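Heads up, the thing below is written out as structure tokens.
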Amino acid sequence: MRMSRMFSKTLREAPNGADTKGYEYLLRAGYIRQMGAGIFSLLPLGYRATEKIKAIIRSEMEAIGAEEMEMPVVNPADIWKETGRYYSIDKEMSRFKDRNNRDMVLAMTHEEAVTDIARGEVDSYKRLPRLVYQIQTKWRDDPRPRAGLIRVREFTMLDSYSFDKDAEGLDKVYKDHYKAYFRIFSRCGLPSIAVGADSGMMGGKISHEYMYLSPIGEDTIIYCPECGYTANRQIAKFRKEYFPEEMKAIEKKATPESKTIEALAEYLGIDPRKTAKCVFMVGSFINDKNGEEEDKLIVALVRGDLEVEESKLSNAVRANALRPAHEEEIEACGMVPGYASPIGAKGDFICVVDETVANSNNLVAGANEAGYHYLNTNFGRDYNGTVADIASARDGFACPVCGKPLKASKGVEIGNIFQLGTRYSEAMNCTYQDENGKQVPVVMGSYGIGVGRLLACLAEEYNDEGGLKLPVSVAPYQVHLVSLVKETEIADKIYEDLQKAGIEVLYDDRKETAGVKFADADLIGIPLRITLGNRSLKEGKVEVKIRETGETTSFLLEDIAEEIKAEIAREQAEIDRNIVNKTLD
RNA sequence: CGGGUAGUAGCGCAGGGGCUAGCGCACUUGGUUCGGGACCAAGGGGUCGGAGGUUCAAAUCCUCUCUGCCCGACCA
């Protein structure tokens with residue numbers, strides 16, 4: 001491509017709001033442009049980079065036997081009503097009516113669509129297993145888009161769907177994806193880890209998220225450097241320590257100005273872990289069949305030294321959504337905020353107690369009277385509720401597997417894989433006839449990678465003061481030919497020769513000064529830069545600079561295509577050498 | 001959806017009741033330069049986010065509204 005004819009231009013200054021390096025460079029180099037909150041265009045450079053990513057994805061998906069297809073972005077609402085997600089998903093899914101007043105949705109994922117198709121295609125065990133994928137646009141009306149392509153509303157996603165006879169089949173294809181995803185990310189040059197995850201709205205059982213560890217990430221990953229345990233904090237476990245003792249008689253005590261655990265512990269001169277912390281949420285429960293919604297107060301108790309993990313709590317009570325409770329809602333059940341506990345509470349609420357509270361004795365808890373707490377409360381004796389793990393794992397807590405201290409790190413979710421089971425096939429009657437002539441629901445899995453987000457993470461991982469420096473496997477071009485000489489003949493010739501040799505060339509034939517051309521080359525970050533200038537041309541040579549290392553060499557004009565090819569091959573080989581082949585056991 | 005902050009030229013910003021709305025970069029033309037964001041000269045480009053109001057007079061004050069960004073809630 002001749003830069004004199006390139007659609008985009010580079011920006012010297014970062015547009016307001018570009019607050020991470022990767023995002024700033026993608027904008028300045030002309031890879032992407034913003035159109036609205038969470039809505040971006042891929043300019044030719046960005047488009048080429050994502051096409052490279054897609055090609056890698058395709059080759060790895062084909063390698064595990066997946067077939068590419070494409071499903072519509074607009075779905076009739078009917079299929080979403082069948083699974084109930086029409087009702088259980090809130091405003092994140094956009095809805096509209098067509099001219100005949102039929103309910104339609106913009107699909108934010110394609111379990112419904114693919115299951116609808118599959119129930120017509122899959123009729124016998126002989127037609128299983130099956131595996132399809134698409135790389136397609138999703139619209140999710142996220143309430144808070146952020147950080148450029150990291151969190152957007154419209155995005156391109158690889159999504160694949162597997163159909164199996166049974167759990168063993170699903171297990172195999174799940175493992176295939178587990179491995180393929182590591183290969184995809186590593187072929188793009190992006191370091192990633194897989195962590196156990198919450199399945200959220202997907203509703204399956206087993207799931208993993210692929211994380212790019214970075215401070216710009218929004219997820220917190222809990223991991224054990226000792227034994228390798230990893231999980232999203234939303235579901236991360238940790239080894240809990242209990243301090244059982246003889247139950248003592250409950251006793252009411254004045255505790256003025258002790259609305260928080262810290263204040264309470266200090267006033268009583270005790271360790272926070274001798275208290276029970278009470279957190280109030282309101283869960284909304286949506287009927288999958290008709291969309292009717294019911295709100296219920298949830299009282300969650302953890303030991304005073306711990307925090308409540310909302311997603312764990314949400315899973316424990318099977319709520320569709322949780323929000324903090326208002327004071328009136330708490331008071332309506334006879335509890336006093338700041339001095340609250342389920343003891344003596346009345347009305348309709350769900351009490352969930354963390355194991356740490358259930359297995360501790362004589363904890364201090366609220367007396368539901370301003371300024372008073374109870375000493376020596378005991379779960380089971382003084383109040384009841386569901387026991388579950390609802391405490392949040394933190395940095396330094398003990399690993400659930402080996403007991404060594406856990407670490408916490410921020411990460412960006414770049415992919416996830418779900419074992420769906422029969423959640424969708426049962427709801428949508430997607431069954432096959434087995435060897436015994438019986439109709440059995442198909443066992444499904446779904447798997448996804450955010451393509452744009454992957455590019456954003458790569459831009460975050462590969463940059464320096466000058467701009468981007470994407471790996472050769474995903475860079476929009478392989479070589480950036482910068483001509484500094486007036487006469488165009490030699491440069492044109494090199495440009496053509498390189499193209500004939502099958503090399504992707506960005507050719508800076510603009511009438512710009514050397515400084516501008518070099519700065520733009522650094523910004524765009526093509527892995528190799530050929531400099532054609534009078535200095536070396538006198539000796540019949542050109543210079544080649546490696547963007548990543550800054551290393552410069554020079555070659556004879558006639559060798560240039562060959563040398564460039566060799567260098568590209570070297571860089572590609574380096575990436576191939578580092579392909580991660582990790583299996584799930 | 002709550003809190004904060006900002007909308008003035010393509011990008012970054014200044015101006016905060018008064019006369020023709022500025023600056024840097026980018027852009028156009030001419031000339032000089034020509035290996036790390038050149039220089040000189042002459043230019044083009046704005047309904048100051050939108051609507052309503054106050055005023056002799058509004059980019060500037062008031063009301064409403066839209067939009068972006070950040071934090072939180074939320075989410076993949």
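Being a predicted model, the structure only gives us computed values, none of them experimental. Only this structure's heavy atoms are used, side chains among them; waters, hydrogens and symmetry mates stay out.
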**Item:** Counter-base of B:rU20, judged by Watson-Crick or G-U geometry with both distances under 3.5 Å
**Value:** none
**Message:** For a quick check of understanding: with a heavy-atom distance under 4.0 Å over all strands, which category does A:Ala514 fall into, base, sugar-phosphate or nothing?
**Reply:** sugar-phosphate
**Request:** Could you please name the option among B:rG35, B:rC74, B:rC1 that lies closest to any side-chain atom of A:Arg535?
**Result:** B:rG35
**Message:** Could you tell me how far B:rA26 sits from B:rA41 if I compare only their P atoms? Round to whole Å.
**Reply:** 16 Å
**Item:** Pairwise C1' distance for B:rC48 and B:rC74, with rounding to whole Å
**Value:** 36 Å
**Request:** Establish whether the base of B:rG24 is bridged to the side chain of A:Glu13 by a donor-acceptor pair shorter than 3.5 Å.
**Result:** yes
**Short side-chain to backbone donor-acceptor contact, A:Asn75 and A:Ala107, under 3.5 Å** = no
**Presence of A:Lys9 side-chain N/O under 4.0 Å of B:rC27 phosphate oxygens OP1/OP2** = no
**Closest to the A:Ala37 side chain, choosing from B:rA76, B:rC69, B:rG36** = B:rC69
**Request:** Mark yes or no for a side-chain to base donor-acceptor pair under 3.5 Å between A:Asp522 and B:rG36, with no hydrogen or angle criteria applied.
**Result:** yes
**Asked** Rounding to the closest angstrom, what is the interatomic distance between B:rC64 and B:rC27 at atom C1'?
**Response** 38 Å
**Prompt:** Tell me: CZ of A:Arg153 to C1' of B:rG68, nearest whole Å?
**Reply:** 11 Å
**Prompt:** Any donor-acceptor pair under 3.5 Å linking the side chain of A:Tyr424 with the backbone of A:Asp116?
**Reply:** no
**Request:** Examine the base of B:rG72 for any acceptor or donor lying under 3.5 Å from a partner atom in the side chain of A:Arg146, and report the outcome as yes or no.
**Result:** no
**Protein-nucleotide distance (A:Met108, atom CE; B:rC74, atom C1'), rounded to Å** = 12 Å
**Message:** Any side-chain N or O of A:Thr513 below 4.0 angstrom from OP1/OP2 of B:rA38?
**Reply:** yes
**Request:** Identify whether any heavy atom of A:Gly450 sits under 4.0 Å from a base atom; if not, whether one sits that close to sugar-phosphate; answer base, sugar-phosphate or nothing.
**Result:** nothing
**Message:** Any side-chain N or O of A:Arg12 below 4.0 angstrom from OP1/OP2 of B:rC11?
**Reply:** no
**Message:** Suppose we call a contact any N or O donor and acceptor under 3.5 Å apart; does that hold for the side chain of A:Lys545 and the base of B:rG36?
**Reply:** yes
**Request:** Could you give the distance separating B:rG37 and B:rG24 at their C1' atoms, to the nearest angstrom?
**Result:** 14 Å
**Request:** Check the distance between B:rA76's P and A:Ile216's CD1 and give it to me in whole angstrom.
**Result:** 19 Å
**Prompt:** Is A:Val132 close to A:His110 at the side-chain level, that is, under 4.5 Å between some pair of heavy atoms?
**Reply:** no
**Item:** Base B:rG37 to side chain A:Glu512, donor-acceptor N/O within 3.5 Å cut-off
**Value:** no
**Item:** Side-chain N,O (A:Asn16) to OP1/OP2 (B:rC13) below 4.0 Å
**Value:** yes
**Request:** With P as the reference atom in both, quote the distance from B:rC70 to B:rG52 in angstrom, rounded to an integer.
**Result:** 32 Å
**Asked** Which is true for A:Lys486 with a 4.0 Å heavy-atom rule: it touches a base, it touches only sugar-phosphate, or it touches nothing?
**Response** base
**Message:** Does the structure show a Watson-Crick or G-U wobble partner for B:rG36, both distances under 3.5 Å? Name it, or say none.
**Reply:** none
**Prompt:** So which nucleotide does B:rC75 pair with, by the Watson-Crick or G-U wobble rule with both distances under 3.5 Å?
**Reply:** none
**Prompt:** Within the modelled atom types, does a donor on one side and an acceptor on the other bring the side chain of A:Arg151 and the base of B:rC74 under 3.5 Å apart?
**Reply:** yes
**Asked** Does the base of B:rG37 carry an N or O that pairs as donor and acceptor with the side chain of A:Asp520 under 3.5 Å?
**Response** yes
**Message:** Using only modelled atom types and a 3.5 angstrom limit, is any donor from either the side chain of A:Arg144 or the base of B:rG72 paired with an acceptor on the other?
**Reply:** yes
**Message:** Starting the side chain at C-beta, find the nucleotide from B:rC74, B:rC11, B:rG35 nearest to A:Pro15.
**Reply:** B:rC11
**Prompt:** If you pin A:Arg28 and A:Pro143 to their nearest nucleotides in RNA chain B, which one's is more 5'?
**Reply:** A:Arg28
**Request:** Return the nucleotide paired to B:rA58: Watson-Crick means purine N1 to pyrimidine N3 with N6-O4 or O6-N4, wobble means G-U with N1-O2 and O6-N3, both under 3.5 Å.
**Result:** none
**Message:** If I take atom CD1 in residue A:Ile414 and atom C1' in nucleotide B:rA76, what distance separates them, rounded to the nearest angstrom?
**Reply:** 12 Å
**Message:** Counting the atoms with a prime plus P, OP1 and OP2 as sugar-phosphate, which does A:Ala147 contact under 4.0 Å by heavy atoms, base, sugar-phosphate, or nothing?
**Reply:** sugar-phosphate
**Request:** For side chain to side chain contact (heavy atoms under 4.5 Å, CB included), just list the numbers for A:Ile150 and A:Tyr23, CA-CA rounded to whole Å, side-chain angles, deciding distance to a tenth of an Å, and then say yes or no.
**Result:** CA-CA 9 Å; A:Ile150 294 289; A:Tyr23 180 25; over 6 Å; no
**Within 6.0 Å of NZ in A:Lys54, more than 12 heavy atoms from elsewhere** = yes
**Message:** Within the supplied structure, the quantity of interest is the number of heavy atoms (other residues, nucleotides, ligands) at a distance under 6.0 Å from A:Phe96 CZ; does it exceed 12?
**Reply:** yes
**Asked** Does A:Gln34 make a side-chain N or O approach to OP1 or OP2 of B:rC69 shorter than 4.0 Å?
**Response** yes
**Interatomic distance at C1', B:rU32 relative to B:rG49, whole Å** = 43 Å
**Prompt:** Base, sugar-phosphate, or nothing for A:Ser536, non-hydrogen atoms under 4.0 angstrom?
**Reply:** base
**Request:** Would you mind classifying the nucleic acid contact of A:Arg33 as base, sugar-phosphate or nothing, using non-hydrogen atoms under 4.0 angstrom?
**Result:** nothing
**Partner nucleotide of B:rC25 by Watson-Crick or wobble geometry (both distances under 3.5 Å)** = B:rG10
**Request:** Report which part of the nucleic acid A:Val152 touches: base, sugar-phosphate, or nothing (heavy-atom distance under 4.0 Å, all strands).
**Result:** base
**Asked** How far does the P atom of B:rC23 sit from the matching atom of B:rA9, given to the nearest Å?
**Response** 14 Å
**Message:** Can you tell me which nucleotide in B:rA76, B:rG37, B:rA73 comes closest to the side chain of A:Asp142?
**Reply:** B:rA76
**Prompt:** Mind checking whether A:Tyr161 and A:Thr115 have side chains closer than 4.5 Å, heavy atoms only?
**Reply:** no
**Message:** Between A:Asp508 and A:Met3 (side chain of the first, backbone of the second, donor and acceptor by atom type, cut-off under 3.5 Å), is there such a pair?
**Reply:** no
**P gap between B:rG7 and B:rG45, integer Å** = 25 Å
